[in-house]
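Notes for the one structure printed next.
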Amino acid sequence: MGGESSKQWILLAAGSKGWDNYRHQADVCHAYQMARSNGIPDEQIIVMMYDDIAYNKENPFKGNIINEPNGSNVYEGVLKDYTGNDVSAENFLAVLEGDESSVTKRGPKKVIKSGSNDTIFVYLSDHGSNGIFAFPKSTLYATDLIDTVKRMNSNQQFSQMVMYVESCHSGSMLSQLPRNINVYGVSASKPDENSYACCYDQRRNAYLADVFTAHWLHHNKMVDLEETTFQDQFAYLRRNVGSSTPCQYGNQEMRRGKIRPAALTGMKNSLSMLFHKHMCLLTFVNLEWTLQGFNEL
């Protein structure tokens, strides 16, 4: 996915705030680290998160966020393009569409400035319900998301787009994706189904991750992304995410495409990839012990 003259844009958004929702910002921080380790420059990554976890009074490890048991600090170096009340459904849609004039915040208004040859990867993590995804003080509606994607396609703002959504009822956010444009989506659950948290940490008194996202990120680290298709990854998720039912939507031809460079990948360093594989074999043993569910509603 993508060509030599194309750019890969990444939009990562955690819609929640508060210590009880630790996992959503941890998911996004981990996804950011994966994007950077795979060669995507910060100029092409946009991160939206409330940023009230790392130095929260309930955090016994100030400045530290982990996304797996005994994991590394995924907060270190993470972008803070939109924080606090700037993390909103309205800003998310404006950023995705590249509409600086509709962004409401002080300071730089970083948006996706994609062209017809570019690819876009979008990841969302938070609570949800039927046709809605929650932001701290606003709501993202499936109809608005789909309308924005259709408009972007009409304006030739991407060659291909991939969207992964982690929330309860996340299938309802993607079920109306058109099948005749180059947009492919994967949800953590069916439209009428919950998704679940995992990896409870007693010292932090918080769940570190979500089941769907933990498996997705693990799979990205374990495989050769130049040889692995989206369908390969989806099959892995269906086999391993036992607490909910991942679903795929949109253009089904895209699932045959290789993940690199569409989803969090740029120029891959083979030595780094080998290192990640060995580290993952160690960490996922611990992860499997903690994948018992806690629903996201």
Side-chain angles (χ1 to χ4, degrees), residues 1 9-16 24 27 46 48 88-99 102 111-112 114 116 118-135 138-196 210 212-213 216 229-231 233-235 237-238 241 244-257 259 262-263 295-297:
M1 181 173 169
W9 295 87
I10 309 290
L11 175 53
L12 309 171
S16 67
H24 302 134
D27 291 342
I46 300 172
M48 306 181 74
S88 67
E90 295 79 12
N91 279 345
F92 170 81
L93 292 173
V95 168
L96 177 60
E97 197 170 3
D99 183 5
S102 294
V111 300
I112 292 177
S114 56
S116 59
D118 295 347
T119 62
I120 301 173
F121 177 80
V122 179
Y123 170 70
L124 289 158
S125 179
D126 191 17
H127 301 285
S129 189
N130 189 22
I132 64 173
F133 177 90
F135 277 85
S138 58
T139 301
L140 175 64
Y141 294 95
T143 52
D144 293 334
L145 177 62
I146 300 304
D147 287 346
T148 299
V149 170
K150 289 179 178 178
R151 194 162 53 246
M152 291 176 67
N153 178 70
S154 297
N155 293 333
Q156 299 184 333
Q157 289 180 260
F158 59 84
S159 63
Q160 294 182 330
M161 182 188 294
V162 174
M163 310 181 76
Y164 277 33
V165 181
E166 171 78 70
S167 72
C168 287
H169 304 274
S170 49
S172 67
M173 293 298 296
L174 302 175
S175 61
Q176 298 305 309
L177 279 178
R179 300 174 71 93
N180 60 345
I181 65 176
N182 286 336
V183 180
Y184 170 75
V186 178
S187 66
S189 61
K190 294 179 179 179
D192 59 352
E193 186 180 49
N194 291 338
S195 65
Y196 291 83
D210 292 285
F212 168 81
T213 297
W216 158 55
T229 67
F230 284 104
Q231 179 58 34
Q233 183 161 94
F234 180 74
L237 293 170
R238 285 297 291 265
V241 180
S244 63
T245 310
C247 299
Q248 52 187 349
Y249 300 98
N251 188 329
Q252 296 302 294
E253 291 299 313
M254 284 180 59
R255 63 185 178 177
R256 302 176 184 177
I259 293 176
N295 80 58
E296 287 279 28
L297 267 178

With sequence neighbours excluded, residues passing side chain to side chain donor-acceptor pair (under 3.5 Å) with Thr143:
none
Among all residues two or more places apart in sequence or in another chain, which pass the side chain to side chain donor-acceptor pair (under 3.5 Å) test with Gln248?
Tyr184, Gln231
Check: Phe133 ring centre within less than 6.0 Å of Phe135 ring centre:
yes
Pairs meeting criterion salt bridge (charged side-chain N to carboxylate O under 4.0 Å, His left out) with involvement of residues 180-196, two or more places apart
none
Partners meeting side chain to side chain contact (heavy atoms under 4.5 Å, CB included) with Ser114 (sequence neighbours left out)
Trp9, Ile112, Asp118, Ile120, Gln157
Hits for side chain to side chain contact (heavy atoms under 4.5 Å, CB included) against Ala142, two or more places apart or cross-chain, chain-then-number order -> Met173
According to side chain to side chain donor-acceptor pair (under 3.5 Å), who are the partners of Ser187, at least two apart in sequence or on a separate chain?
none
Going by side chain to side chain contact (heavy atoms under 4.5 Å, CB included), name the residues that satisfy it together with Arg238, two or more places apart in sequence or in a different chain.
Phe234, Thr245, Pro246
Using the salt bridge (charged side-chain N to carboxylate O under 4.0 Å, His left out) rule, collect all pairs that involve residues 146-164, keeping only residues at least two apart or in two chains.
Glu97-Arg151
Residues which pass side chain to side chain donor-acceptor pair (under 3.5 Å) with Ser189, listed by chain and number, not counting sequence neighbours
Ser170
Using side chain to side chain contact (heavy atoms under 4.5 Å, CB included) as the criterion, list what pairs up with Leu93, not counting sequence neighbours.
Leu140, Asp144, Leu145, Thr148
Pairing residues for Glu253 by the salt bridge (charged side-chain N to carboxylate O under 4.0 Å, His left out) criterion, not counting sequence neighbours:
Arg256
Is the ring centre of Trp216 less than 6.0 Å from the ring centre of Phe121?
yes
Please check if any side-chain donor atom of Ser129 sits under 3.5 Å from a side-chain acceptor atom of His169, or the reverse.
no
